[in-house]
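One structure is given here, and the rest of the page talks about it.
Every chain is numbered from 1 and lettered A, B, ... according to where its sequence line falls, protein lines coming before strand lines. All values below come from the heavy atoms of this structure, side chains included, with hydrogens, waters and symmetry mates left out. In this text the structure is predicted, and so the values were computed from the model without any measurement.
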Amino acid sequence: MFSTLLDNRHARSTALQVLLLVGFASLLYWLWSNTASNLAERGIRVGFDYLDRQANFPISEGILPYDPSDTFGWAYLVGLANTAAIAVLAIVASTIFGLLIALVRLANNPISSKMAGVFVGGVRNMPLIVQLLFWYALATTLLPSPRLAFNPISGIYLSLRGLYVPSLSLGPYGVALVLAFAAITMVLWCLMRGRSPLERKITLGGVLVAAIIFGTIVIEPSVSFPELKGFNFVGGMRLSPEFAALMVGLVIYTSVFISEVIRGGIEAVSRGQWEAGRALGLSERQTVFRIIIPQALRIIIPR
Amino acid sequence: MAATELMAPQKAPPAKRMPILKLLFGDMMSALLSLGAVGVIVSLLPAFRWAVTDAIWATDDPSVCRSGGACWAFIGAKLRFIMFGLYPPDQQWRPVVVMSLILLMILVSLTPALWGRKLALAWTGAVCAMLALMWGGFAGLPHVSTANWGGLPVTLLLALLSLGLGFPFAIFLALGRRSTLPIPRLLSIGLIETVRGLPLVGLLFVASILLPLLLPPGFDIDKLGRTLAALTIFSAAYLAEVIRGGLQAIPPGQKEAAKALGIPHWKAIQHIVLPQAIQKVIPPLTNTAIVMVKNTSLVMIVGVFDMLSAGRSAAMDPVWPAPYTEAYLFVGLIYFAICVGISYYARWLEIRVKAKDYR
C-alpha cells in the first residue's frame, strides 16, 4: 500500500510540499525562539514606543525642520523625506544627463563618441561607494577656499564651503499658490483637448499673461544672489559639500547606466527606420524625435 | 564543415572613409560636438596637471606632498597596507599566495572546454586551501583571526565565495519559482522578492546586528562570516532571477522529449534543462559577477576591512597630507581593472556562444 502511495505523482508532490512547508515553518520558529531567548537574556526591550521618545541626535541637513529634541518617529520622517528628495532630484538629473550621453555616444563624430564611451566604461566599472567617497574627498580637500571660489556663471560659487546658487523665495503661501495655479492650468489644458489650434493658442496666451500677472503681483518672488562677505557667502541657497558630492556621484553613476539602456533601445530600432525617415525627406532631428525615439521608448521603459 | 562556412556571419563591407575634417566639422551638429569635446578636454586640463605634471611620484618625505599636486608617493608607501590591511607583515606572503592561487584558478577556468565537474571540484579545493592558508594554525603557520584579514584578498574572497555559495541556492530558487507546485513557488517568490527589494546596505546591517540574535548562543559567527552570509543571500536572489530567465528560454519541447524517452523529472532537469539554461545566461551571469565584485565595497559600512576601508584608513595617517582622493582613485582603478577584465571576457564568451548558435 505504501509503494502505491509513493508511485502516485499527486501524493508525492503533496507530501513534498507539506515537508517543505513544515521545514520552513520550523526554521522560522527556531529563529524566532532563538531571538526571543537572546533578547530576554540580554535584557533588550522590543517595541515601537521608542518612536515617541526624544531622538537626541542631530541630522545635519534636511528638507523638513528638525531639532535633536524631536522624537525618533519624526527623525525617521525627516530621513525619509531626505531620501525621497535626493531620489527625485537624482532621477530627473540622471535621466537628462543619461539621454545626453547616449546621444553623444551614438553621434557620428568620432572624438565625442569615443570620449563618451571612455566615460561610460570608466564610471560603470567602479563601485558607487568608491565614487561617492572620491567626490566627497574632492569636495572637502581639493576645492578652493571661499575667497578663490570657482565662479563659472555669475551667481554660482563653488568652494570648500559648498555650492552657492541664487535662490528664489516665494513668500509665505507662494508654493501653495504656484501649485494651485499649476492645477488650474492642467485642468484647462484637459478641457482644451480636441479644440481648434486657434482656441488653444488663445488659451495658452491667456494662461501665460495670467501667470505673469499672478507671479509678479500676488506672489512677489524675490531672488537672492550669494555674495562673498568677509570669510563666507551671504544670501542665495547653499548646497553643502556633502550634498553636492552625493548628487554629483549619484547622478554620474546612474546616468551612465541610463545612457546604456537608452543606447540599447535606440540601437534596437532597425536601420530601416532611419533610412525610411531620410527617404521621406525628414530632417535628421525629425527622424530622431518623431521616428526613432518613440520606438526606442517602448523598448527602454520596461527596463 | 560546409554548413559552418555557409552560415558563418559575413564580414561587413569595408567602411566608406570620410575625410576627417568633413567627419569632424561636416555639419552643424558635428562641429558643435567637436567643439564641445575640445571644451571638455580643455576643462580637464587642471585635473591633468594635478594628476600628472604637478604630482609627486616618489618621495620618502611626506611633507613634500603639500605642494598641491597629486601625491602618488603615498600609494607607494602604503601599498602593502592597502593590499593586505592589518595582516601581520611577516606573514603577508600568505595573502600573496592566496591571490596568485585565485589568479591561477581564474586563468585555468577561462577556457570553456575545461568547464565541468573536475573544475568545480578544483575550485572547491582551491577555495578551501585559500581559507586554510589565510586562517593558519597548522604546519607551523601562526593563526591569523579574520579581524586581521584585510585588503584585496578579502574583497576577492568575499566576491568569489558569495557568488560560488549563492549559485546552488540560486538554482533551487529559480527551479522553485518555475515550479508548478504552489508552495515551493510561493516560498521562492517570497524570498527572491524580499531580498531584491531590500538594499544591500540594509541587508548587511541586518546580518551584522541581527544574526547573533537569531542564532542560539553557541553559534558564534564572526563579522566576516556574517557579511558573507548577507552577500550570499543577496547574490543568490539576483542569480536566481538570471537563471530563471535561462529556464524560461528553454523550449518546453526539451522537457517533453525527455519525458517521452522515460527520463525521470529530476534527471531531465539536471542533465537536459539546466545545462542549456545556464549556457544561455552566461552573459547576464557575468554581469551579476561584476555587480557583486562592486558590491563587496559596501562591506566597509559594517566595518569589514576590505580594500576600500584599507585605502581609507591608510589616508587617515596624519603623517601624510590627507591624500583621500589619491587613495580612492587607486582603489577605484583596481576595481576598474577587475571589472573590465570580467566584462571583456564576457564579450568574448558571448561572441563564442553566438558562433555556436550559428552551427
Heavy-atom contact with chain B under 4.5 Å, split by part of Arg285(A):
neither

CH2 of Trp32(A): more than 12 outside heavy atoms within 6.0 angstrom?
no

Tell me if the CH2 atom of Trp72(B) is crowded by more than 12 foreign heavy atoms within 6.0 Å.
yes

Honestly, the part of Ile301(B) sitting under 4.5 Å from a heavy atom of chain A is side chain

Using non-hydrogen atoms and a 4.5 Å limit, figure out which bit of Ile290(B) sits close to chain A: side chain, backbone, both or neither.
side chain

Check: [Y] main-chain N/O paired with [X] side-chain donor or acceptor under 3.5 Å:
| X | Y | value |
| --- | --- | --- |
| Ser309(B) | Val304(B) | yes |
| Asn38(A) | Glu41(A) | no |
| Glu326(B) | Ala70(B) | no |
| Arg226(B) | Ile221(B) | yes |

When only pairs under 4.5 Å are counted, which of [options] shares the most heavy-atom pairs with chain A?
| options | value |
| --- | --- |
| Ala327(B), Ala315(B), Gly36(B), Pro182(B) | Pro182(B) |
| Ile338(B), Leu329(B), Leu333(B) | Leu329(B) |
| Leu214(B), Thr180(B), Leu187(B) | Leu214(B) |
| Leu215(B), Ile41(B), Val40(B) | Leu215(B) |
| Pro184(B), Ser179(B), Ser297(B), Pro216(B) | Pro216(B) |

Measure up the Phe74(B) and Trp320(B) rings against each other and bin them: parallel (under 30°), tilted (30 to 60°), perpendicular (over 60°).
perpendicular

Just checking heavy atoms, which of residues 16-25 of chain A are less than 4.5 Å from chain B?
Leu16(A), Gln17(A), Leu20(A), Leu21(A), Phe24(A)

Does the side chain of Asn109(A) pick up a donor-acceptor pair with the side chain of Ser34(B) at under 3.5 Å?
yes

Which residue out of [options] racks up the most heavy-atom pairs below 4.5 Å with chain B?
| options | result |
| --- | --- |
| Ser113(A), Gly122(A), Ala107(A) | Gly122(A) |
| Pro110(A), Ala36(A), Ser37(A), Ser33(A) | Pro110(A) |
| Thr14(A), Val130(A), Leu138(A) | Val130(A) |

Rounded to the nearest 0.5 Å, the CD1 atom of Ile192(B) sits from the CG atom of Leu173(B) at a distance of 5.0 Å

Measure the CG-CG distance between Leu191(B) and Leu186(B) for me, rounded to the nearest 0.5 Å.
12.5 Å

For Glu260(A), is there an ion pair with Arg263(A) - N to carboxylate O distance below 4.0 angstrom?
yes

